[in-house]
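Worksheet: the structure to be examined is printed underneath.
So that the names make sense, note that chain A is the first sequence line, chain B the second, and so on, each numbered from 1.
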There are 2 protein chains.
Amino acid sequence: MKVSARSDTAQAAPLPVDLADGVFPAGCPSRTVLDHVTSKWGVLILLALSEGEQRWSDLRRRAEGISEKMLAQTLKTLERDGLVRRDAQPVIPPRVDYSLTDRGYELSALLVPLVAWAFENAEDIVNGQR
Amino acid sequence: MKVSARSDTAQAAPLPVDLADGVFPAGCPSRTVLDHVTSKWGVLILLALSEGEQRWSDLRRRAEGISEKMLAQTLKTLERDGLVRRDAQPVIPPRVDYSLTDRGYELSALLVPLVAWAFENAEDIVNGQR
DNA sequence: CCGCATCCAAGTTGATACTG
DNA sequence: CAGTATCAACTTGGATGCGG
């Protein structure tokens with residue numbers, strides 16, 4: 001479905017003013033949050049956890065290609081942001097479960113359509129470039 | 001409308017199976033697309049352009065803190081991905097307008113709620129870490 | 001002047017090895 | 001199993017230069 005009236009350029013500005021003013025300044029907190037959330041691995045981890053609680057090794061396998069360092073770093077950041085909850089059980093061998101907080105779940109609900117879009121359009125996009 | 005979300009821990013898995021299988025593998029195209037789209041500056045540029053066509057210098061000012069190099073690079077990537085359209089006018093002084101393609105516009109529609117969420121939750125999140 | 005490619009310094013990421 | 005430490009590789013950004 002085409003939205004645009006002229007040629008094939010999309011216009012219209014459905015962007016709330018306060019949002020625009022709030023996100024673009026360099027030092028604003030939203031930049032930081034966005035960076036964490038849209039980081040290369042952040043998206044994958046949040047998405048994986050949206051399926052439910054998972055262990056470290058599950059996540060490592062799920063987010064194929066992630067290094068242990070980045071997994072640890074990503075999880076720590078998301079935990080500090082209050083999006084992911086860490087539940088370490090004092091057993092041998094150690095077992096740590098990760099899950100989304102309510103806020104993280106809220107976020108993942110917004111992430112899912114984005115990822116779905118990327119998935120659906122990926123082939124087209126990649127084919128388009130030679 | 002809220003889905004359910006229990007007291008403290010969010011569970012449930014609203015993630016389509018084919019999506020999950022499609023996004024997590026390392027070499028899949030969706031990863032690439034996601035990386036472009038969720039890159040540090042990609043989000044900001046797409047968001048800025050969702051307000052309508054803009055010139056290079058407008059974008060440079062809008063995405064505060066971006067370097068010329070990263071602006072050029074980001075725009076080129078998004079253009080190659082068919083999300084941004086570049087319109088160079090052969091005038092002196094030179095003038096180049098950037099705008100979203102239909103596909104880019106579609107994407108920005110998904111990005112806006114995400115950014116809005118980040119903006120609304122930013123303060124809470126940043127305050128939460130001591 | 002505006003748009004953008006190039007070079008070099010600095011920060012980020014990744015593979016491997018090692019500890020609790 | 002869950003993470004940390006270390007070093008090498010890649011990415012980012014800023015200054016500079018140059019064409020239109």
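In this structure, the nucleotide among D:dT4, D:dA2, D:dG13 sitting nearest to the side chain of B:Ser67 is D:dG13. Comparing atom distances between the B:Lys69 side chain and each of C:dC7, C:dT13, C:dG3 picks out C:dC7 as nearest.
A:Asp87 has its CG atom 15 Å from the C1' atom of D:dC1, to the nearest Å. Between A:Tyr98 atom OH and D:dC1 atom P the separation is 15 Å, expressed in whole Å. Atom CD of A:Gln54 is separated from atom C1' of D:dC1 by 16 Å (rounded to the nearest Å). Going from atom CE of B:Met70 over to atom C1' of C:dG3 covers 16 Å, rounded to whole Å. Here the C1' atom of nucleotide D:dG3 and the CG atom of A:Leu59 are 14 Å apart, to the nearest Å. Taking atom CH2 of B:Trp56 as the reference point, atom P of C:dC1 lies 19 Å away to the nearest angstrom. Put simply, CD on B:Glu68 is 9 Å from P on C:dG3, counting in whole angstrom units. Atom CD in A:Gln89 sits roughly 12 Å away from atom C1' in D:dC1 (whole-Å rounding).
Listed for the B:Glu64 side chain is no donor-acceptor partner under 3.5 Å among the backbone atoms of A:Pro25. At distances below 3.5 Å, at least one donor-acceptor pair connects side-chain atoms of B:Thr101 with backbone N or O atoms of B:Gly82. Side chain of B:Arg85 to main chain of B:Glu79: no donor-acceptor pair is present (N/O by atom type, distance under 3.5 Å, no hydrogens or angles).
The residue among A:Lys76 and A:Pro94 whose nearest nucleotide of DNA chain D is located toward the 5' end is A:Pro94. Map B:Leu75 and A:Gln73 each onto its nearest nucleotide of DNA chain C; the residue landing nearer the 5' end is B:Leu75.
Listed pair A:Arg86 / D:dG3 meets the phosphate criterion, a side-chain N or O lying under 4.0 Å from OP1 or OP2. For the pair A:Lys40 and C:dG14, the criterion of a side-chain N or O lying under 4.0 Å from OP1 or OP2 is met. Under 4.0 angstrom from either OP1 or OP2 of C:dG14 there lies at least one side-chain N or O belonging to A:Trp41. Applying the 4.0 Å criterion to OP1 and OP2 of D:dA2, one finds that A:Arg60 has every side-chain N and O outside that range.
Among the candidates B:Arg61, B:Arg62, B:Arg60, the single residue satisfying the salt bridge (charged side-chain N to carboxylate O under 4.0 Å, His left out) test with B:Asp58 is B:Arg61.
Heavy atoms of B:Pro93 sit nowhere under 4.0 angstrom from any nucleic acid atom.
Atom CG of residue A:Leu75 and atom CE of residue A:Met70 lie 10.5 Å apart, to the nearest 0.5 angstrom.
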